[in-house]
Amino acid sequence: MDNEEITTIHITKALSSSMIVDLIDKYSNLEEITCSPSVYNRTSKRYIDALKQLDINVKKKYNWGAKSKTNNIEFYVLKLSNEGLTAKQISQKLDISLNRTYYLLRKANANFNNRNYKYDHSQVKQLKKDGLTASEISEKLNIPIRTVYYILNNK
């Protein structure tokens with residue numbers, strides 16, 4: 001955007017005479033300056049009146065928080081998660097950190113279970129339903145007994 005097209009700006013420091021001159025030079029079509037109430041209160045009434053004579057209004061406006069710089073990446077993270085990709089695969093595909101991927105998945109309240117189990121949990125649970133003991137399951141599937149107990153006790 002060209003500076004000549006800009007008609008409104010937001011400032012974060014109290015206006016000074018040199019700042020006003022710089023703003024008028026930089027933004028030739030300036031019509032409005034916004035600032036937080038605390039900045040407005042620190043700005044001289046003379047400067048506000050002088051700008052008003054130049055048809056430039058100074059208004060109080062809250063402009064809280066940093067603007068999102070995600071470029072809709074949340075959408076892509078959620079989409080890839082729904083397609084069954086793991087968080088690690090998503091982070092590699094979108095070239096973002098793994099921590100950021102997990103953050104975006106939590107932020108979107110994504111219900112994802114992309115764990116790759118070393119042992120088939122459903123098979124262990126099914127064998128238990130079929131009446132086998134933990135030690136029998138351990139021998140049949142050739143997995144440690146403590147792993148069988150862990151799978152059976154965690155729902």
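All values derive from a computational prediction rather than experimental measurement. Quick note: numbers below take in every heavy atom, side chains included, and nothing from hydrogens, waters or symmetry partners.
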**Q.** Nearest heavy atoms of Ile56 and Glu32, plus distance in Å
**A.** CG2-N, 4.2 Å
Q) When rounded to the nearest 0.5 angstrom, what distance separates NE2 in His121 from CD1 in Ile151? A) 4.0 Å
(Q) Under 4.5 Å between side-chain heavy atoms, counting indirect links through other Ile/Leu/Val/Met/Phe/Trp/Tyr residues: same cluster for Leu141 and Tyr149 or not? (A) no
Q. Do Phe75 and Val77 sit in the same hydrophobic cluster, where Ile, Leu, Val, Met, Phe, Trp and Tyr count as joined when their side-chain heavy atoms come under 4.5 Å apart?
A. yes
(Q) To check you understand the geometry: which heavy-atom pair defines the closest contact between Pro144 and Ser138, and what is its length? (A) C-OG, 3.8 Å
Q. To the nearest 0.5 Å, how far apart are CG in Leu15 and CD1 in Ile20?
A. 5.0 Å
Q: Can you see which heavy atom on Ile137 is nearest to which on Val124, and at what distance?
A: CD1-O, 3.8 Å
Q) How far apart are the closest heavy atoms of Thr34 and His10, and which atoms are they? A) OG1-ND1, 2.8 Å
Q. Can you tell me if CG on Asn142 sees more than 12 non-hydrogen neighbours from other groups inside 6.0 Å?
A. no
Q) From Leu30 CG over to Leu54 CG, what is the distance, rounded to the nearest 0.5 angstrom? A) 10.0 Å
Q.
If you compare all heavy atoms of Leu105 against all heavy atoms of Ala87, which two are closest, and at what distance to 0.1 Å?
A. CD1-CB, 4.3 Å
(Q) Within the structure provided, determine whether Val58 and Thr43 are in side-chain contact (heavy-atom separation under 4.5 Å). (A) no
Q. Atom CG of Leu78 and atom NZ of Lys107: how far apart are they, to the nearest 0.5 Å?
A. 12.0 Å
Q) Would you say Leu127 and Ile145 are hydrophobically clustered, going by side-chain heavy atoms of ILVMFWY under 4.5 Å? A) no
Q) Taking atom types as modelled and ignoring hydrogens, do the side chains of Gln53 and Asp49 form a donor-acceptor contact shorter than 3.5 angstrom? A) no
Q: Could you tell me which non-hydrogen atom of Leu132 sits nearest to which non-hydrogen atom of Lys140, and how far apart they are?
A: CD2-CD, 4.2 Å
Q) Who passes side-chain hydrogen bond (donor to acceptor under 3.5 Å, both in side chains) against Glu31, sequence neighbours left out? A) none
Q) Got a second to check how far Lys129's NZ is from Leu152's CG, nearest 0.5 Å? A) 11.0 Å
Q. Just by modelled atom types, is the Ser97 backbone N or O under 3.5 Å from a matching donor or acceptor in the Thr101 side chain?
A. yes
Q. Which value, rounded to the nearest 0.5 Å, describes the distance between Tyr27 atom OH and Asp22 atom CG?
A. 10.5 Å
